[in-house]
Amino acid sequence: MPELPEVEFAARALRRWLEGRRVASAQAPPSRIFRGSEREAFLRRLPGTRLTWVERRGKILLLGFTENVGVLSHLGMTGKWIRVPKGAPPPSHVRASLELDDGEKVVYRDPRLFGRLAVHPADALLDLPEVRALGPDPLVDGIDPEALHARLARSGRPVKVAIMDQGVIAGIGNIQATEALFRAGLHPARPASSLTLAEARRLVDAIRASIEDTLVAQGDGDSIVYVEEDRSQDPFRIYGRAGTPCPRCGTPLEKLELGGRTSVFCPRCQPL
DNA sequence: ACGGATGTTCGCGC
DNA sequence: CGCGCGAACATCCG
């Protein structure tokens, strides 16, 4: 389920769950989330360590443990970190788990196996090529409207495709792109290079607002989340609502496909 | 039963 | 090099 807000949510949860505890043991059946010998590294290196820090860059989670052990976690499409209290039944599709010294478990569930876990030296995590390749993170770095405008000016791609490029802005996926473009009043198929500086400013503000609203909707505790529990109360204004009335003007929302992803938009509020 | 889904990567062709 | 397209991955949900 992960775009930036959900990955941020996972980062905050992992801090709470792992802080101050020792990893007693690690388990992981062979699966695609590990490449090469990453699984063996995970099983060998994690036991005995303690979490020292958690960072997020875009959709990438970075966990620093003692003994300079670092874990990179990408949640793919269906990855999720879950706390399993002592004695509670584990969820299905668990691909990796850390048993803590108090008997609690923190597990990584990923039914579709699109996610990835990798082990690196903790002090090298932020310098990994895939992390360096990311554009600015809206929460960590903030988005500079003029820099975004300049970057978009170089691309003829649809603006929606451009802002989902992790090298342009880190962490924007189909939901946040759809929501932000609606808030900014920009048609998703507008050529990126056609945006004025004023429109880029509106887009930056809309991205921030959309992310903030999604974070708020997720709450702050271990409690759950509109997002998957109750579609009718999810925090999204137009995502997944093609055919229903635009919340601003009542015109039926339409959809089109861009870059292989469904894009919902209001033909009146987001004119081409 | 069928179609679509919050992501990434790779190969192919223009 | 930029860009678009389709496929692949494996499962769940309506």
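Fair warning: this is a prediction, and the values are worked out from it, not measured in the lab. Throughout, protein chains are lettered first and strands after them, A, B, ... in sequence-line order, and every chain is numbered starting at 1. Basis for what follows: all heavy atoms, side chains included, without hydrogens, waters or symmetry-related copies.
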Got a list of side-chain donor-acceptor pairs under 3.5 Å for residues 246-261 of chain A, not counting sequence neighbours?
residue: A/Arg248; atom: NH2; partner: A/Phe182; partner atom: O; Å: 3.4

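- Under 4.0 angstrom from either OP1 or OP2 of B/dT8 there lies at least one side-chain N or O belonging to A/Lys59.
- Note on A/Gly156: only backbone sugar-phosphate atoms sit closer than 4.0 angstrom, heavy atoms only; bases stay farther off.
- Stacking here means ring centres nearer than 5.5 Å and ring planes tilted less than 30 degrees, and by that measure A/Phe114 stacks onto C/dC9.
- Looking at A/Arg15, its side chain does come within 3.5 Å of a backbone N or O of A/Val54 through a donor-acceptor pair.
- As a whole-Å value, the separation of A/Asn174 CG from B/dA5 C1' is 9 Å.
- With rounding to whole Å, A/Arg57 atom CZ is found 20 Å from B/dG7 atom C1'.
- In this entry the distance linking CZ of A/Arg241 with C1' of B/dA5 reads 16 Å, nearest Å.
- B/dG3 and C/dA7 have their P atoms separated by 14 Å, with the value rounded to a whole Å.
- Placement of A/Val264 and A/Ile175 in two distinct hydrophobic clusters is found when ILVMFWY residues are connected by side-chain heavy-atom separations under 4.5 Å, directly or transitively.
- Out of B/dT8, C/dC9, B/dT6, the shortest distance to the side chain of A/Gln166 is found at B/dT8.
- Base pairing analysis places B/dT6 opposite nothing; no Watson-Crick or G-U wobble pair with both distances below 3.5 Å involves it.
- Shortest non-hydrogen contact noted between A/Ile143 and A/Asp137 is CD1-C, 4.4 Å.
- Using the Watson-Crick or G-U wobble rule with both distances under 3.5 Å, C/dA10 pairs with nothing in any strand shown.
- One can place CZ of A/Arg32 at 14 Å from P of B/dT8, the figure rounded to the nearest angstrom.
- Rounded to whole Å, the distance from NZ on A/Lys255 to C1' on B/dA5 is 11 Å.
- Atom name C1', nucleotides C/dC9 and B/dA1: the rounded distance is 22 Å, in whole Å.
- A salt bridge does not link A/Asp205 with A/Arg202: none of the charged nitrogens is closer than 4.0 Å to a carboxylate oxygen.
- The separation between A/Ile33 atom CD1 and C/dA10 atom C1' is 14 Å, rounded to whole Å.
- The separation between A/His93 atom NE2 and C/dC12 atom P is 4 Å, rounded to whole Å.
- Atom CG of A/Asp165 and atom P of B/dT9 are 11 Å apart (whole Å).
- Dashed line: the shortest gap from a side-chain N or O of A/His74 to OP1 or OP2 of B/dT8 is under 4.0 Å.
- Within the nucleic acid shown, A/Arg157 comes within 4.0 Å of sugar-phosphate atoms alone, with no base atom in reach, counting heavy atoms only.
- Using a 4.0 Å heavy-atom cutoff across all strands shown, A/Pro158 reaches sugar-phosphate atoms only and no base atom.
- When the nearest nucleotides of DNA chain C are assigned to A/Glu257 and A/Pro111 by heavy-atom distance, the more 5′-ward of the two goes with A/Glu257.
- Open room surrounds CZ on A/Arg268; 12 or fewer heavy atoms of other groups in view lie less than 6.0 Å from it.
- For A/Thr78, no side-chain nitrogen or oxygen approaches OP1 or OP2 of B/dT6 to under 4.0 Å.
- The side chain of A/Arg261 contributes an N or O atom lying less than 4.0 Å from OP1 or OP2 of B/dG7.
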